[in-house]
Amino acid sequence: MQTTVQGNAALINTLSKLCPPEGVRHTADQYGNAQHWFELSSPMLLVSAAAALKDAEARLSLITGYARNSAPDSAEKPAAACYHFVLDGVIYNLTATLTREEPYVPTITSYFVNADWHEREMMELVGITVSNQPNPTRLFLNAELDPGVLKEYVPLSVMMNGACSKDLWEHILGSKEGGH
């Protein structure tokens, strides 16, 4: 059975060109809602992708920044940012994976004004650097705290896995008592 890929064919083609062949996937949930996944070849290609999405009149829904807990000398990628866009009921997800050579993502606020909040939140809570962010001020945390400080106490994976509040607080308090 052949599956028909839903979505804007020209946009899918444009975004696919910004990715290695293995970096493009097309999925649908149990209700048939289409999602497209694009792993960009370089974080710098995010600007080209944002321009294409803006031209297609997509809407930026969310940016998910996440850091991976690995040793500084590890070969593992240190962090990534996934940008979620919606166009005609179809979700387009673009992931920019940071590397030692490219340790930041460029701002996309010139294309999507609402990216400002998401980028600032990502810088503050996860510690991902956004180059040329026009308003890099803090949203929530005291300026004396290091960017991305929360990932040291509560890894995103712990929060996202639905850890109960007792386990979560024990983890936080244990980190503080252990001198972290």
Side-chain angles (χ1 to χ4, degrees), residues 5-29 33-68 76-141 143 145-151 155-157 159-160:
V5 175
Q6 299 173 14
N8 181 313
L11 179 60
I12 292 168
N13 185 45
T14 298
L15 295 175
S16 294
K17 290 177 183 177
L18 303 175
C19 307
E22 69 279 2
V24 178
R25 291 183 301 122
H26 310 286
T27 63
D29 65 17
N33 299 310
Q35 294 191 39
H36 303 288
W37 301 87
F38 303 93
E39 175 81 32
L40 298 172
S41 298
S42 162
M44 298 306 107
L45 293 174
L46 185 58
V47 174
S48 298
L53 286 151
K54 181 68 172 181
D55 288 346
E57 299 182 4
R59 176 180 61 86
L60 174 64
S61 176
L62 178 68
I63 301 173
T64 307
Y66 53 98
R68 298 182 174 115
E76 185 177 327
K77 308 280 193 264
C82 187
Y83 296 72
H84 312 278
F85 296 87
V86 179
L87 176 63
D88 299 327
V90 176
I91 300 172
Y92 298 81
N93 303 288
L94 284 78
T95 301
T97 302
L98 307 181
T99 64
R100 283 189 180 80
E101 296 78 28
E102 295 179 297
Y104 54 86
V105 293
T107 186
I108 61 168
T109 54
S110 61
Y111 297 100
F112 297 94
V113 175
N114 66 324
D116 176 71
W117 181 278
H118 299 291
E119 290 175 352
R120 290 167 57 201
E121 183 178 53
M122 187 169 56
M123 290 189 306
E124 181 176 345
L125 300 180
V126 185
I128 293 175
T129 302
V130 179
S131 65
N132 299 316
Q133 212 296 330
N135 184 20
T137 58
R138 290 279 175 105
L139 294 168
F140 312 109
L141 301 178
L145 295 172
D146 292 332
V149 69
L150 291 185
K151 72 180 178 199
L156 179 61
S157 59
M159 285 191 275
M160 297 307 289

Does the side chain of [X] reach to within under 4.5 Å of the side chain of [Y], using non-hydrogen atoms?
X: I128; Y: E119; answer: no
X: P106; Y: N132; answer: no
X: L94; Y: L53; answer: yes
X: L46; Y: I108; answer: yes
X: P134; Y: T107; answer: yes
X: P103; Y: L98; answer: no

Non-hydrogen atoms of [X] and [Y] that approach each other most closely:
X: M122; Y: V105; result: CE-CG2, 4.2 Å
X: D116; Y: Q133; result: OD1-NE2, 3.0 Å
X: A80; Y: T95; result: CB-CG2, 4.2 Å

Name each donor-acceptor pair under 3.5 Å that joins a side chain in residues 11-19 to protein atoms two or more places apart or in another chain, with its distance.
from : atom 1 : to  : atom 2 : distance (Å)
T14  : OG1    : A10 : O      : 3.0
S16  : OG     : I12 : O      : 2.7

Inset, instruction - Kindly compute the distance separating CD1 (I63) from CH2 (W117), expressed to the nearest 0.5 Å. - result: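 Taking CD1 in I63 and CH2 in W117, the distance rounds to 13.0 Å.
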Inset, instruction - Could you check whether the rings of F38 and Y92 sit parallel, tilted or perpendicular, using 30° and 60° as the cut-offs? - result: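 Rings of F38 and Y92: parallel, under 30°.
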Do other residues, nucleotides or ligands put more than 12 heavy atoms under 6.0 Å from [X] [atom1]?
X: N135; atom1: CG; result: yes
X: E57; atom1: CD; result: no
X: N114; atom1: CG; result: yes

Legend entry - Check: P20 main-chain N/O paired with E39 side-chain donor or acceptor under 3.5 Å: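 Side chain of E39 to backbone of P20, a donor-acceptor pair under 3.5 Å: no, none is there.
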Inset, instruction - Check whether any side-chain N or O of H36 sits under 3.5 Å from a backbone N or O of Q6 as a donor-acceptor pair, and report yes or no. - result: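 Yes.
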Inset, instruction - Decide side chain to side chain donor-acceptor pair (under 3.5 Å) for S42 and E102; before the verdict, give the C-alpha distance in whole Å, the side-chain angles of both, and the deciding distance to 0.1 Å. - result: CA-CA 8 Å; S42 162; E102 295 179 297; 2.6 Å; yes
Legend entry - Ring centroid separation Y83 to F112 under 6.0 Å: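 For Y83 and F112, the ring centres are not under 6.0 Å apart.
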